[in-house]
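Heads up, the thing below is written out as structure tokens.
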Amino acid sequence: FPSHDRLRDFEIASIVFRKLNKQFDYLKIIVICDKEFHCHFMGINGITLLHSISDSELLIYLQSVSLLFLPLKGATANNAIIESASCGLPIVATGLPAIEDYINSDSITQIDINESKDVEGICKLLINLLNDEIGLTRQSILIRKATEHLCWRNITKITRQYYSL
């Protein structure tokens, strides 16, 4: 099975971050991934590269940043999306059927990078979202509600029902 980081589209993320950095040098971008993938983001001003952080550090980031940008090549269950969503972090990610299995697609801003690789459009979308505080708050509420069904109490109930048949 491929590593979870091999399912992320670092090439697109790098291109988008470089373009955003040239136009909006005040943006602070935090990338959390395995250290071997940091090479994609070298030389981009205003970017912080992190790896091997603790759960408590991750929680602080998820609760303090404005949004998650996650271009993907593929996915099954994606912990970055589940963890971000449960913190109410607005998400911009590649629209994939696997994600819709556990997160309502209306609660995530979906991008289609597999066909068009419209970097200009992605940058415009991200900046528009970042400049829309009301929209970000609305998305935060929607995404948080979209994960309530994933609590362990519900999962335990469903699992018990399944095995009692």
Side-chain angles (χ1 to χ4, degrees), residues 1-132 135-136 139-140 143 146-147 150:
F1 293 105
S3 158
H4 69 281
D5 283 338
R6 297 201 195 307
L7 296 175
R8 298 179 184 188
D9 196 331
F10 291 108
E11 179 186 340
I12 287 294
S14 173
I15 294 168
V16 167
F17 294 159
R18 287 180 198 285
K19 186 163 189 62
L20 287 174
N21 180 259
K22 285 181 183 173
Q23 293 177 332
F24 309 96
D25 61 352
Y26 58 88
L27 284 179
K28 293 181 179 157
I29 300 168
I30 300 169
V31 175
I32 303 171
C33 64
D34 289 342
K35 193 172 186 175
E36 69 180 285
F37 299 103
H38 286 188
C39 59
H40 294 280
F41 307 102
M42 296 298 188
I44 304 174
N45 293 328
I47 200 163
T48 301
L49 300 171
L50 303 172
H51 67 93
S52 303
I53 64 174
S54 69
D55 289 342
S56 58
E57 290 172 305
L58 178 61
L59 180 62
I60 290 168
Y61 285 114
L62 294 177
Q63 292 175 333
S64 61
V65 299
S66 300
L67 64 83
L68 170 69
F69 173 58
L70 193 59
L72 299 166
K73 295 177 182 176
T76 51
N78 185 295
N79 281 346
I81 288 179
I82 293 170
E83 292 165 346
S84 299
S86 65
C87 288
L89 183 60
I91 298 171
V92 176
T94 308
L96 297 171
I99 294 170
E100 294 176 14
D101 286 343
Y102 54 92
I103 301 286
N104 181 332
S105 62
D106 294 337
S107 59
I108 294 178
T109 302
Q110 295 185 20
I111 55 173
D112 180 7
I113 59 171
N114 295 325
E115 291 184 21
S116 67
K117 297 199 186 277
D118 178 14
V119 172
E120 189 70 40
I122 293 170
C123 290
K124 185 176 179 181
L125 171 72
L126 292 171
I127 292 301
N128 287 342
L129 284 170
L130 289 170
N131 286 328
D132 181 6
L136 282 175
Q139 262 200 318
S140 178
I143 194 69
T147 60
L150 296 174

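Counting from 1, the numbers follow the sequence of the chain as shown.
The two residues S66 and L136 have their closest heavy-atom pair at O-CD2, 4.0 Å. In terms of heavy atoms, N45 sits closest to N21 at O-ND2, 2.5 Å. When all heavy atoms are compared, the tightest approach of S84 to L68 is OG-CD2, 3.4 Å. What you find for D118 and G121 is that their closest heavy atoms are OD1-N, 2.9 Å. Heavy atoms only, all atoms of each residue included: G95 and Q110 are closest at CA-OE1, 3.3 Å. Here the closest heavy-atom approach between residue A93 and residue I108 is recorded as N-CG2, 4.2 Å.
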Side chain to side chain contact (heavy atoms under 4.5 Å, CB included) assessment of H51 paired with E36: CA-CA 9 Å; H51 67 93; E36 69 180 285; over 6 Å; no
Derivation of the side chain to side chain contact (heavy atoms under 4.5 Å, CB included) call for E83 and L89: CA-CA 9 Å; E83 292 165 346; L89 183 60; over 6 Å; no
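The shortest distance between side-chain heavy atoms of K73 and D9 falls below 4.5 Å. The shortest side-chain heavy-atom distance between F69 and I29 does not fall under the 4.5 Å cut-off. Side-chain contact check for Y61 versus I53: some heavy-atom pair is nearer than 4.5 Å. Taking 4.5 Å as the limit, some side-chain heavy atom of R8 sits within range of a side-chain heavy atom of L70. Contact of the L72 side chain with the I99 side chain is registered, since non-hydrogen atoms from C-beta on lie closer than 4.5 Å.
For N131, the CG atom sits in a packed shell: over 12 heavy atoms of surrounding residues, nucleotides or ligands are nearer than 6.0 Å.
Here the straight-line distance linking atom CD1 of I143 with atom SG of C87 works out to 11.0 Å at 0.5 Å rounding. Rounded to the nearest 0.5 angstrom, L20 CG and Y26 OH are separated by 9.0 Å. Rounding to the nearest 0.5 Å places CD of E100 at 9.0 Å from CG of D106. Note: I81 CD1 to S86 OG = 12.0 Å, rounded to the nearest 0.5 Å. Taken from OG1 in T76 to CG in D101, the straight-line distance is 10.0 Å, to the nearest 0.5 Å.
A donor-acceptor pair under 3.5 Å is absent between the side-chain atoms of H40 and the main chain of I15, judged by distance alone. Although no hydrogens or angles enter the test, the distance criterion places no donor-acceptor pair under 3.5 Å between the side chain of T147 and the main chain of L150. Under the 3.5 Å distance criterion, the side-chain polar atoms of N78 are matched with a main-chain donor or acceptor of A80. Judged by distance alone, with hydrogens and angles left aside, the side-chain atoms of S14 form no donor-acceptor pair with the main-chain N or O of F10 at under 3.5 Å.
Under the rule for a side-chain hydrogen bond (donor to acceptor under 3.5 Å, both in side chains), S140 has no partner lying at least two apart in sequence or in another chain.
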Per-pair distances, 0.1 Å, donor-acceptor, side chain in residues 122-130, under 3.5 Å, sequence neighbours excluded:
{"unit_1": "N128", "atom_1": "ND2", "unit_2": "K124", "atom_2": "O", "d": "3.3"}

